[in-house]
Amino acid sequence: MGSSDVQHGTLDLMVLRTLEQASPLHGYGIARRIEQVAEGMLALNQGTIYPALLRLEQRGWITSAPGRSENNRPARFYSITRAGRKQLTHEKARWARTVAMMRRLLREDV
Amino acid sequence: VSTLRLFLTRLFGLFRRHDRRLSEEIEAHLELLADDYRRRGMVPEDAKSAARRTLGNVTHVQEVYRAQWGWPAVESWLQDLRYGLRLVSRNPGFASVAIVVLALAVGANTVIFSVAHALLLKPLAVERPDEIVMVQHRGTLGFSFPDYQDLRDRNDAFEDMAGYRITHVHLEYQGAAHRVWGYLATGNYFDLLGVRPAIGRLFTAGDERGPGESPLAVLSHDTWHARFAGSPDVIGRTITINRLPFTIIGVAPAGFYGIERYYRPEVWVPMAMQPQIEVGNPWLDRRSTRNTWVVGRLHPSVTRERAQANLDAIAKVIATEYANVNADFGVVLTQPGLMGDRVGGPARAFLFGLVGLAGLVLLIGCANVASLLLARGTDRQRELAVRASLGAGAMRLARQVVTETLVLSLLGGITGAALAWMAAELLTGWRAPLDFPVQFDVRLDARVFGFAFAIATAAGLLAAASPARKASRTPPNAILRSPSGSWRRRRWAMRDVLVSGQVALCLVLLVASSHALVGLRRTLSMPLGFNPENAAVIGFELALAGYDRQRGQDFQRRVWEAVSVLPGVEQAAYSNSIPLSPDQSSNVAFPENAASWPEGRSVTHYQVSPGFFRTMGMRLAVGREFEWRDTERAPQVAVVNLAFARRVFGSTDAIGRRFKHALSGPTIEVVGLVEDGKYTTMTEDPRPVVFRPIHQSYNSTTTVIARSSLPTEQVLAAMRGVLATLDPGLPVYGAGGLEQVLALPLLPSRVAAVALSSFGLLALTLALAGLHGLVAYAVASRRREIGIRVALGAASGQIVRLAMQRVTVMVGAGLIAGTALALAVGQLLSAIVYDVSVSDPMVLASAVIAMLGSSTVACAGPLLSALRVDPMLVLRCD
């Protein structure tokens, strides 16, 4: 089974979820974790993580601060905010509904 | 430019900060990734390049990241702007020519607009100004007071109509009398205009208690400050006007000067006081004296057409009811502000003419900048081609050219607005050569600056249109492959057409301004009928100062006797008025045996003392001067001019013939015939004039004339001294040299000549700058070709022909088109420049020759540099 491109609109959700589980985290760390979780099912262009991070920060769902990585490299660390957690809960529920709906729809189709 | 650049750099800093953050993130990401790869055993160099590969297309990320900021359009526009500014600073020569050209064009347009705005467009300082109309007698201006009352009472289209009149009074305060200008106005005047007092109250309809019963005065805000120190206790104070007590009841609001836009009155007095204000000439109950100007406020629901129809119907009735004086009765509605269409008509025509000319100058300026841009565009083809091949879209290239031009035009617009501001200050400070408070307030306001900005933008867009179109069609391949500057030489390029257009428009303006100058010179050399040099005049008004006829006549005679013996005075006389001064009276003259009105002729009428003709330098063709024996009790006599003799008697054999001023009046014998002169304007046809001895036909308005070869100021000082001895409280006015009376009648042609010559000169400068630039460019871009030709043995004549061929055709085509255009718009020009035959071939020919000559001069420099091209130098580089 080959890897698929990141579906439109799902990267934000992935980043938020990742930061919910492990904050603070730098961009590289977030990209690595998403790839690990996807276990090769996802072709992530790692660079695209940064526009997504900026977008989330502009909406107030995450914050960032400069820091140092475990191997002492300067990097920007991101953490989820309360608004971000709320948004994530909201998005999770929406995804669950969408997935359930899609499943029913596809099953009937078969 | 440097502060502007600093500001922009800071603005870009905003974007750079985000760019920096992204590059830091990318940097950290690559390091961390490479660390990981190294941990898995890669050599450091491999790890680095592997990291870069994994991260993918950084440029794309950058674009997405920037787009995230939501400013991509602004940012790329700012990029264009930055680019434009960089080009400006890199090509200061080109940029400053373009900016100066645009500044001149925008400045000229802004000045004209600000004048038109001040005189025609700006709303009057009254309530709901769009309802206010001038109700004007057709052909003349004012109505008789009874006719005004009839119009006011019988119409149903107006909320109200007020009557008013410009007048002057003797205002006494602090022990001295001053001649000041003001308004007589009916009681409803202020209420109709919706004006509120600054302090006190304004008079109302309720204050009109009958003729002479409302001695009230309202001061203008300026006068309250200038003469009464802005003190609030002027209210209720009594001042003396024309020797009678008046009560100051209020002060008009600041900025309110009535509805005549150029006039600065000092005081308003109720119309009911007319007999006390215009002493000796009461006309409120006289249906034949049309002295009342009428302003009306339309009912909000009534259109002008309906109001006009309503007044037409009333006019018809009035014309038949009072047929003996009102046979010509007719009413028209006109714009308020400039004495109806008497001043408003010509002023409007002249201003619209100027707006047209200013538009032409703007077009020339745009064509100029456009052709400069096109010429430079050819140099920039490579640059644009490189950009196009790197993926810049057609729109983007076009937009860049437009942005750059807008940068230039806005810089030009700012400079132009500054020039216009200075010109407007000069115009506002200018005072007409008149004993009359005239002031034009043409200072620039937000609307005028808005106009300048709009004009500058429009000019930029107009100038950019053709170069932008060309830039968007840049074919990168063709250009990049060919050696520099030799790509595609079209037979006729847009810029050639633009040059021809400039030459044509410029010729039109030159013809117009030469006509104005020829007209002015012709006017100046016209025979006046009197000698304006070496004579001093001074005026006073005796009735306003409380003199009756007997005392007035004695006083005039005593002044004359004293002035006649002043040292250096060769000859002195006095009269009610002098030719070409603003104050002219007219009367009707009938042949002796006339029995009906139509036989009457309107004639200009002067009352003069003995010695008047000799003092004025008027030549008597036959007959005699008046003498002191021509008194009331002596036979009634007159001196007439040749035009009078021809019109009233039908022949110039007039001595001893008789005429009368009323059908049943006494007859007057002609004892002298004087040559025709100019009496009201410099351009009038000979006009019938009658002179009466002032002792037979008294007038309290007096002008004393003294002929002397001494300096005018010295004579005037002596004359003032005489008057101060005889009556220290008498205000004098209009003191000056006799030649100063010419200033006003000459004003329109002087203004026209100055305005048109400025435009002509401006257009010429612009066109020549454009021509020079293009020839210089053509020579520069063909240096290589010229070099080769010289190397192959071309003679200088051939080089000149090569360089000039195209220019000659362009200028020739422009001159032909311009001649045709000048002939075509001749009618328009004659509306601006009066008394000039517009198709005068001499004027046209000299304008063409002037254009040819100056074009040659403009091309000379670049031509010389073409001749100096050193083939070795040119061929070695490139």
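In what follows, chains carry the letters A, B, and so on, assigned in the order in which the sequence lines appear, proteins first and then strands, with residues in each chain numbered from 1. Worth saying up front: this structure is predicted, and the values here are computed from it rather than measured.
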Open item on the list: Counting only heavy atoms not in A/Lys86 (residues, nucleotides, ligands), do more than 12 fall under 6.0 Å from its NZ?
Closed with: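 Open: at most 12 neighbouring heavy atoms sit under 6.0 Å from NZ of A/Lys86.
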
Task: B/Phe453, CZ: over 12 other non-hydrogen atoms inside 6.0 angstrom - done: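 Open: at most 12 neighbouring heavy atoms sit under 6.0 Å from CZ of B/Phe453.
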
TODO: Rounded to the nearest 0.5 Å, what's the gap from OH on A/Tyr50 to CG on B/Leu22? Could you check?
DONE: 8.5 Å

Task: Reported CG-to-CD distance for the pair B/Leu32 and A/Glu70, which is rounded to 0.5 angstrom - done: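 It is 7.0 Å, given to the nearest 0.5 Å.
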
TODO: Could you pull out the closest heavy-atom pair between A/Ala31 and B/His29, with the gap in Å?
DONE: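 The answer is CB-CE1, 4.2 Å.
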
- [ ] Check A/Pro74 against B/Ala28 and note the closest heavy-atom contact, atom names and distance.
- [x]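 So the two residues come closest at O-CB, 3.4 Å.
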
Open item on the list: Heavy-atom cut-off 4.5 Å, strictly under: side chain, backbone, both or neither for A/Arg76 against chain B?
Closed with: both

TODO: Measure B/Glu24 against the heavy atoms of chain A and call it side chain, backbone, both or neither at under 4.5 Å.
DONE: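 It is neither, since no heavy atom gets under 4.5 Å.
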
